[in-house]
Amino acid sequence: MRRVATEVQIEIEQFLIHEASLLEENRFDAWLDLLADDIHYFMPIRESVEQPAGGAPASSSGGFPLYDDDKKSLALRAARLQSRLTPSETPPPLVQRLITNIAAAEAEQGGYYAVRSNFLVHQERRGRHINQFIGRRDDLLRRAGETFQIARREIQLAQTLLPGTISLFF
Amino acid sequence: MRRVATEVQIEIEQFLIHEASLLEENRFDAWLDLLADDIHYFMPIRESVEQPAGGAPASSSGGFPLYDDDKKSLALRAARLQSRLTPSETPPPLVQRLITNIAAAEAEQGGYYAVRSNFLVHQERRGRHINQFIGRRDDLLRRAGETFQIARREIQLAQTLLPGTISLFF
Amino acid sequence: MRRVATEVQIEIEQFLIHEASLLEENRFDAWLDLLADDIHYFMPIRESVEQPAGGAPASSSGGFPLYDDDKKSLALRAARLQSRLTPSETPPPLVQRLITNIAAAEAEQGGYYAVRSNFLVHQERRGRHINQFIGRRDDLLRRAGETFQIARREIQLAQTLLPGTISLFF
Amino acid sequence: MPDLRSLIDQKHWLIGDQVFAQDIYQRELETVFGRCWLFVGHDSMVPKPHDYFTHFMGETGVIVQRDGAGRIRGYLNKCRHRGNIVCPYDRGNAKNFSCAYHGWVYSDGKLIGVPHSDEAYAGGINFDEWGLVEIPKLQSWGGLIFGCWDPDAISLDDYLGDARWYLEHFLLREKLGGLEVIPGVQRYMVPTNWKIVSENLAGDHYHFMVTHGGFVEALRKSEDKRIALTGVSTGGRFHAFSVALNHDHGVPHGIFQLRSGSGQLETDLTAAEELGPEAVAWVHERQRVLEEELKDFKHKPYSFQGGNIFPNLGLTGVGSALYGKAFMLHHPRGADRTEVWTWCAVEKNAPAAVKERARFVLMQRFAATGMVVSDDSAIFERIAENLNTPPSRQWPMHYAMAMAQEGEDPRPAALAGEPQRWPGLLTQTFQETAQRDFYRYWSELMNTNPAPAN
Amino acid sequence: MPDLRSLIDQKHWLIGDQVFAQDIYQRELETVFGRCWLFVGHDSMVPKPHDYFTHFMGETGVIVQRDGAGRIRGYLNKCRHRGNIVCPYDRGNAKNFSCAYHGWVYSDGKLIGVPHSDEAYAGGINFDEWGLVEIPKLQSWGGLIFGCWDPDAISLDDYLGDARWYLEHFLLREKLGGLEVIPGVQRYMVPTNWKIVSENLAGDHYHFMVTHGGFVEALRKSEDKRIALTGVSTGGRFHAFSVALNHDHGVPHGIFQLRSGSGQLETDLTAAEELGPEAVAWVHERQRVLEEELKDFKHKPYSFQGGNIFPNLGLTGVGSALYGKAFMLHHPRGADRTEVWTWCAVEKNAPAAVKERARFVLMQRFAATGMVVSDDSAIFERIAENLNTPPSRQWPMHYAMAMAQEGEDPRPAALAGEPQRWPGLLTQTFQETAQRDFYRYWSELMNTNPAPAN
Amino acid sequence: MPDLRSLIDQKHWLIGDQVFAQDIYQRELETVFGRCWLFVGHDSMVPKPHDYFTHFMGETGVIVQRDGAGRIRGYLNKCRHRGNIVCPYDRGNAKNFSCAYHGWVYSDGKLIGVPHSDEAYAGGINFDEWGLVEIPKLQSWGGLIFGCWDPDAISLDDYLGDARWYLEHFLLREKLGGLEVIPGVQRYMVPTNWKIVSENLAGDHYHFMVTHGGFVEALRKSEDKRIALTGVSTGGRFHAFSVALNHDHGVPHGIFQLRSGSGQLETDLTAAEELGPEAVAWVHERQRVLEEELKDFKHKPYSFQGGNIFPNLGLTGVGSALYGKAFMLHHPRGADRTEVWTWCAVEKNAPAAVKERARFVLMQRFAATGMVVSDDSAIFERIAENLNTPPSRQWPMHYAMAMAQEGEDPRPAALAGEPQRWPGLLTQTFQETAQRDFYRYWSELMNTNPAPAN
Ligand code: FES
Ligand code: FES
Ligand code: FES
Ligand SMILES: [Fe+3]
Ligand SMILES: [Fe+3]
Ligand SMILES: [Fe+3]
């Protein structure tokens with residue numbers, strides 16, 4: 001993998017910042033447009049698994065994931081978030097997203113970029129409940145003219161016990 | 001609005017990072033120098049307002065703001081922070097500012113930039129009390145030679161119930 | 001001190017992001033390779049000291065530091081972290097690092113850069129205990145071909161009462 | 001629970017830390033917040049039918065709404081079925097509240113809909129019995145809305161007692177058109193006991209020049225006189241007093257900086273001049289109305305600056321025509337946490353420039369970002385750190401200021417023999433009578449039983 | 001502790017908030033969680049000798065492990081020396097647990113090593129007496145592992161009682177090869193009392209169309225039918241019931257959406273077709289086995305959707321062949337916090353495509369990111385905010401749904417006179433019998449003494 | 001509160017989890033921390049008049065200051081008026097403390113200023129009665145400052161008892177010039193009960209090779225011998241013991257790794273050689289003074305490594321000339337939280353290179369970033385998770401190590417008959433006598449009443 005040119009690095013940073021902004025503003029349809037039609041959107045659970053003597057201690061990515069979605073199911077989730085009948089979104093929580101540590105490299109396939117980023121997502125419900133989610137994303141971005149599409153995203157939280165249910169995209 | 005050239009993006013990032021650094025170090029006079037004389041510095045409250053049937057649920061920016069200041073009143077606030085007689089600043093709290101998601105665009109007026117950024121501001125008082133403020137800023141920056149001036153700033157916290165009183169600039 | 005060229009700024013950002021990634025993945029040997037052989041790695045405590053009338057109130061950097069290490073002692077610490085017999089690392093905590101506010105300048109010596117950055121380091125142990133450390137680093141980086149070496153690092157936490165013992169590098 | 005009599009030495013006025021302890025707190029929720037009239041808002045916050053806002057009385061969530069018939073009413077924000085919050089918004093307008101759990105629907109407090117009620121209840125539920133719990137007493141007085149859980153409570157009139165005269169003439173000014181509350185409430189936590197804050201507002205003018213010394217210094221040095229002008233009256237040309245309301249005979253509200261003399265009026269006029277002739281005219285009109293109201297008085301107060309309506313409504317900004325009026329509600333949230341809700345009200349018929357300035361000044365001082373409350377809260381959190389840390393609580397706190405002077409007429413000698421034409425025990429500004437009255441009444445309340453069920 | 005009899009009015013079925021209070025909670029840990037059989041896992045989670053996982057029974061940390069002889073056993077995860085957690089991992093395989101404090105080593109529960117034991121103890125320690133505390137009763141029933149601290153407890157068979165018939169035929173399906181749990185458990189907090197969640201699962205079908213209205217709307221609009229197809233049966237061609245298990249004679253487990261009629265089978269077949277002939281064959285095979293099992297029945301249930309095994313094991317996803325089965329354990333964490341652990345199980349011998357779809361569907365609905373649990377938890381946290389905020393707790397909650405209909409046969413008229421061939425009190429879907437049974441039994445348990453020491 | 005006699009089985013030495021419960025904790029603040037002599041600092045931390053530092057005794061905030069006359073005194077850090085923290089800094093120099101709330105001013109503990117006191121108090125306040133509360137007993141012994149709230153407490157000499165001999169010869173070494181504390185204290189939280197930490201330091205040498213196994217392994221592999229050299233003595237050439245101080249007759253301080261033989265001295269010399277001839281000379285000088293002090297002894301200890309001064313002062317790093325000496329104060333912060341404050345002291349007259357190395361070594365091991373404390377705290381937090389989770393607390397913890405050997409002479413056979421020339425009950429290194437003494441005395445204290453007011 002090769003690092004990318006400065007211009008491209010900035011382009012990619014701005015793409016992820018733009019994406020975060022759409023999500024902060026609950027503009028889900030515009031967000032879905034950033035996803036490739038064949039996106040694989042994946043978030044495993046984190047757990048600590050002891051291996052029999054000799055094996056390395058592992059932090060496993062178990063088999064029952066938090067997200068293992070394609071674009072259709074993401075669209076369904078987005079539809080629920082936008083319904084006025086959804087208790088968890090009524091009133092809408094306040095969300096802010098800090099996207100940091102963005103590192104881009106050219107992927108093996110031409111026109112693709114492997115992009116890693118870290119995040120802290122803050123969510124406040126009715127002034128009474130604050131949940132924060134912290135983790136990393138490994139994205140595969142596909143060049144699409146002036147912009148990109150997210151062809152693959154794997155999210156890894158640095159949390160084994162989640163502070164609450166998750167009605168958020170990362 | 002058009003995105004800015006890579007050089008300018010970096011310049012603006014460094015400007016906001018420099019600004020944060022001044023505030024972290026309580027160098028308020030230097031900070032005031034970064035503000036345009038006609039700055040409007042605004043931070044509304046966040047609240048959830050139900051609209052009569054048909055209207056969209058809104059997160060309103062109510063009428064009694066947290067900041068609605070001009071340069072003179074900001075200078076007064078800075079003077080208080082620097083007095084040795086101010087209990088909330090004696091001893092000075094420890095503050096760190098994470099500025100992320102900086103997105104700049106050329107504004108309609110020439111020589112101006114519309115800059116959005118997210119922040120997490122951490123404040124610790126005497127080891128006993130930690131308050132964190134998380135939100136977004138929409139700035140209007142005016143080119144001033146090698147640097148910029150902040151002509152307008154609107155701050156929006158992702159918090160409806162604040163963790164404490166605010167003796168901080170954002 | 002002069003600001004650095006855009007290319008160099010990005011290079012330095014990517015260097016620090018890469019460093020954070022190594023630490024997140026417990027790749028300590030690779031991390032040690034980023035350190036100059038003569039590195040001074042320093043983290044003072046923070047405390048509030050009242051000066052006799054007339055003196056400015058100070059937030060002192062006292063004499064009993066949290067880190068005051070050279071490469072040999074850092075290697076020893078890394079060795080402990082990698083032992084399978086170390087309770088604090090068994091199972092390994094989940095760690096994420098948000099590195100922000102990276103500002104680079106050319107240092108007085110040629111080929112050196114003075115780099116400041118802010119950080120939030122999140123650590124979760126067994127789902128039960130979350131400690132977060134927030135602060136700033138002042139680094140002296142030495143150009144080493146395509147990459148850099150860390151010749152000096154001074155870390156300052158914005159915390160006087162630490163949330164726990166520290167088994168982490170910053 | 002410790003014996004309250006041993007905690008409050010009413011002879012020497014020493015009070016033990018334990019009045020701020022957690023077991024006491026639990027009981028306060030039932031006695032103090034379960035029996036007193038509590039401020040819940042202002043008429044102007046619900047101008048139209050079905051306008052509402054959600055709120056707390058102590059720790060208890062409520063809805064205050066103008067009903068379809070225009071009457072302001074209050075309800076527990078709690079579904080009668082399984083206790084869900086029926087209205088999760090801060091404010092709005094809604095004819096019905098539909099519970100998001102199983103869909104019971106309430107309108108003007110009445111249960112009007114139960115999904116599948118025939119199948120589910122088959123007539124086994126009487127809709128009339130299962131409406132929202134209505135706050136048994138809710139009353140608007142001069143636009144100020146108070147609610148009370150105790151059906152046997154004294155009337156709001158009696159509860160306010162002496163306070164009414166002060167509120168009428170200096171805060172509400174209904175003859176001038178009354179107040180309007182600016183939409184939106186600021187909310188923030190202070191890590192302290194609610195009584196620490198409330199007793200401060202009840203009469204602690206003594207702390208001002210010390211706690212707010214840095215602010216006063218900054219005001220003095222600053223070019224920006226907008227904020228200074230409403231606060232510090234020009235020296236010498238006024239007299240200031242504290243007032244213990246219902247002293248010895250009722251609910252202990254306290255008022256600080258009742259000011260007479262020409263000082264504050266002059267300051268107000270100076271500030272108004274900057275805002276133009278309309279503003280000046282408004283200040284004169286205010287004064288004209290006041291003079292008429294107090295026309296028989298030889299010694300005329302101009303205004304009071306702030307105070308506390310028992311138990312937890314703080315008032316401030318009342319003193320000047322150019323100053324927004326704050327309603328600061330200090331909701332209890334455990335023995336060492338207080339959630340402050342601050343509204344800004346302005347005089348409804350004042351010129352726009354005056355309203356704007358008033359809002360601005362209050363924001364600078366008493367918003368969550370206010371320069372005054374930031375220092376107060378820094379102090380209050382330090383006091384809370386020191387409470388109930390044995391063995392330090394062996395040494396009680398000192399509430400004995402100006403005991404000897406209590407009852408003496410604090411007015412200048414020129415007024416000797418002149419009767420005080422208005423209610424309340426007038427004291428010198430530096431006093432703790434109001435605080436003593438606060439804890440005396442509080443301890444009586446704490447010795448009562450919790451309010452009975454309706 | 002308040003008197004439980006006054007809190008639970010078993011005549012009108014009104015329950016006071018105080019059953020959710022902290023002092024009650026402390027006692028629950030001893031009586032409810034100290035005396036009941038608690039779900040701790042499934043055989044397939046420990047396939048090989050010395051496979052283990054760590055877990056909680058109430059707030060008590062335990063290890064469940066298959067021992068060297070292949071028997072599943074459970075232990076306190078607490079070193080007998082000084083109480084350290086002996087196994088800090090979530091799961092794994094280990095012959096021995098070596099305590100990280102002083103190095104005592106346990107194997108299959110026995111203390112087998114004490115560093116320097118000659119010098120340190122000189123024979124003063126009997127290794128046989130200081131093994132890990134073994135959970136006195138631990139039993140796998142149909143692959144479901146339950147443990148119980150009370151040596152005098154009734155048998156697991158008696159504890160499950162009526163539940164066995166339902167679990168056997170609709171969840172475990174051992175004749176088809178039984179279940180396997182997908183490795184890994186999802187864990188998240190909900191700021192509410194564990195009973196609020198558990199009573200919901202015991203029988204609150206009434207909330208579904210309201211709480212999950214936004215989800216249902218999204219399903220209706222969505223092109224993605226994978227998720228809809230397993231949940232909402234095609235209208236009209238099925239009957240659904242709730243069931244109160246062990247009603248009036250034992251431990252109150254509850255089941256919702258017991259469905260009969262052809263509707264769900266048809267839906268399952270439609271969904272299976274999309275996955276190919278293997279999937280269709282699997283659905284037919286399931287049906288064949290079921291038909292055989294129930295061959296004497298005129299009225300045949302197809303499945304039930306979910307329920308609650310007392311006290312805190314929620315089940316869901318049971319209803320459809322294409323739906324993963326969730327074990328949702330609601331660990332108590334203080335009066336107003338619940339830690340949810342969710343596993344996904346699938347039918348072991350199902351075709352890969354069916355397993356994959358089942359996992360996917362359960363994830364969309366009941367994972368920590370699930371669209372169903374997100375709404376439930378939003379409601380549960382609101383209820384918790386409203387609990388024990390005096391004086392609101394004067395007004396108890398309402399558990400009186402369908403009291404009149406209790407005991408009536410809810411089945412369609414066509415079945416009149418047809419005996420119910422299976423256990424449990426059948427009720428209409430909209431009911432609160434299961435919830436009433438839950439609290440009746442709970443209050444009896446609370447009046448017992450904590451379990452005695454072994 | 002549970003009956004302490006049933007919690008502590010002094011026959012078999014089994015202790016129930018409940019000694020770590022919250023209700024017990026509340027009482028500890030009054031009895032243990034209200035009655036014992038507590039370490040508050042060292043003379044060298046306040047070298048000049050009016051130097052001060054703020055601190056805690058238990059949960060109670062105090063100021064320790066050298067007064068204008070040069071005497072070290074201690075005060076509650078709590079304004080006598082309304083309880084505000086009078087000094088919000090960590091340390092500094094100040095003639096006066098001026099309260100930031102209302103401005104009362106204290107100097108050397110005396111109230112010397114009250115703003116507007118004539119107007120506010122009119123003589124109604126006696127300045128002499130309202131000075132800062134002075135810690136009734138505060139005494140520096142060999143530079144170590146201790147304070148005590150109980151006016152009837154035994155003397156500090158009697159309180160330390162046997163400990164004095166050890167502190168004098170191995171820690172304080174006043175003949176060599178004594179200690180100096182490096183400015184600044186490290187503070188961090190550990191989520192555990194303070195007794196879990198304190199009993200460890202009182203005598204738990206048994207855990208070292210296990211808990212710190214990873215550290216020991218790293219030391220062994222590392223090229224960096226600076227840290228290893230001060231800790232692990234070269235094998236064989238030394239004897240090590242634990243010591244139970246005031247065993248059976250007083251306050252139970254504990255010491256671990258009292259070492260005799262030549263091993264540690266040799267290690268110290270090896271390490272000193274690397275630092276140059278001055279360092280070597282210093283080690284020899286230390287040895288010369290020690291030899292002289294113990295000249296009549298046949299069996300001479302070289303040093304002890306660490307220990308616990310009851311209740312909560314941990315000591316470590318004492319064992320070697322090249323090792324900084326840690327004062328680790330374990331402040332109680334609720335039943336399951338401990339706030340650790342760590343200072344590093346060095347020998348004042350040691351060469352700069354020795355001081356620097358000593359500071360470095362202590363930092364590597366016992367700073368908040370120290371490799372030793374990181375592992376200890378990981379263990380302590382796990383123990384705390386396991387406490388008071390019914391029904392696990394039915395099984396008490398085991399404190400019965402080396403009961404049979406208690407009282408036997410642990411010294412090598414060559415010393416048979418040789419009298420022990422110094423105080424304290426010597427035991428083998430692997431023992432729990434010190435821990436048993438700790439809880440025996442603790443339970444006696446807990447059965448006393450809280451300290452009376454002065
Ligand atoms: S809780 Fe409101 S309808 Fe059931
Ligand atoms: S606590 Fe496990 S061996 Fe000591
Ligand atoms: S609290 Fe210190 S002067 Fe009032
Ligand atoms: Fe104030
Ligand atoms: Fe639900
Ligand atoms: Fe240790």
Side-chain angles (χ1 to χ4, degrees), chain E residues 26-35 56-62 75-88 98-105 111 114-126 129-130 132-136 148-150 332-333 450-454, chain F residues 12-17 19-23 192-193 195-196 199-200 204-214 242 375-376 378-406 408 410 427-433 435:
Chain E
Q26 284 304 332
R27 191 171 173 84
E28 279 178 337
L29 290 181
E30 302 200 336
T31 54
V32 178
F33 295 93
R35 282 185 169 287
F56 288 93
M57 292 170 71
E59 289 199 353
T60 308
V62 298
Y75 315 100
L76 262 188
N77 190 356
K78 185 176 183 180
C79 183
R80 295 299 300 283
H81 181 222
R82 264 324 189 283
N84 187 29
I85 290 175
V86 290
C87 178
S98 178
C99 176
Y101 195 2
H102 308 92
W104 287 21
V105 183
L111 179 62
V114 168
H116 306 280
S117 81
D118 283 353
E119 186 182 350
Y121 292 97
I125 185 163
N126 180 346
E129 285 177 8
W130 292 95
L132 290 178
V133 171
E134 185 155 4
I135 301 169
C148 178
W149 290 108
D150 178 3
R333 292 287 180 269
N454 278 17
Chain F
H12 306 96
W13 278 101
L14 306 177
I15 300 185
D17 289 16
V19 302
F20 304 108
Q22 186 61 32
D23 51 356
T192 203
N193 189 278
K195 295 192 292 299
I196 299 286
E199 64 156 81
N200 172 283
D204 194 331
H205 186 64
Y206 187 55
H207 82 290
F208 190 86
M209 290 302 290
V210 180
T211 302
H212 307 297
S242 292
D375 283 324
D376 286 326
I379 298 290
F380 298 154
E381 83 182 16
R382 292 175 194 187
I383 292 176
E385 289 175 43
N386 258 341
L387 296 176
N388 291 305
T389 59
S392 94
R393 68 183 167 202
Q394 295 171 42
W395 292 275
M397 299 196 191
H398 190 275
Y399 285 81
M401 189 187 294
M403 282 177 71
Q405 301 97 309
E406 201 170 290
E408 286 175 15
T427 69
Q428 59 187 42
T429 36
F430 297 154
Q431 57 82 44
E432 289 174 347
T433 300
Q435 291 95 314

Open item on the list: So, taking the atom named OG1 in F:T211 and the one named CG in E:N84, what distance separates them when rounded to the nearest 0.5 Å?
Closed with: 8.0 Å

Under 4.5 Å from any heavy atom of chain E, what part of [X] do you find: side chain, backbone, both or neither?
| X | answer |
| --- | --- |
| F:I15 | neither |
| F:Y399 | both |
| F:D17 | side chain |
| F:A402 | both |
| F:Q428 | side chain |

Open item on the list: As an exercise: rank F:M397, F:M403, F:M401 by heavy-atom pairs under 4.5 Å with chain E and give me the winner.
Closed with: F:M401

Task: Under 4.5 Å from a heavy atom of chain F, the part of E:L76 involved - done: side chain

Task: E:V114, part contacting chain F, at a heavy-atom distance under 4.5 Å - done: both

Task: Minimal non-hydrogen separation, E:A100 against F:V210, with atom names - done: O-CG1, 3.6 Å

TODO: Quick one: closest heavy-atom pair of E:W149 and E:G34, and the distance?
DONE: CB-O, 3.4 Å

TODO: Measure from the ring center of F:H398 to the ring center of F:H12 and say whether it is less than 6.0 Å.
DONE: no

Task: Choice from E:C99, E:P115, E:G103, E:G123 maximising heavy atom contacts with chain F below 4.5 Å - done: E:P115

Open item on the list: Please identify, among E:Q26, E:H102, E:R82, the residue contributing the most non-hydrogen atom pairs under 4.5 Å to chain F.
Closed with: E:R82

Open item on the list: Among F:E432, F:Q431, F:Q435, which residue satisfies the side chain to side chain contact (heavy atoms under 4.5 Å, CB included) criterion with F:D204?
Closed with: F:Q435

- [ ] Using the six-membered ring wherever Trp is involved, compare the ring planes of E:Y121 and E:W104 and label them parallel, tilted or perpendicular (cut-offs 30° and 60°).
- [x] perpendicular

TODO: Measure up the F:F208 and F:H212 rings against each other and bin them: parallel (under 30°), tilted (30 to 60°), perpendicular (over 60°).
DONE: tilted

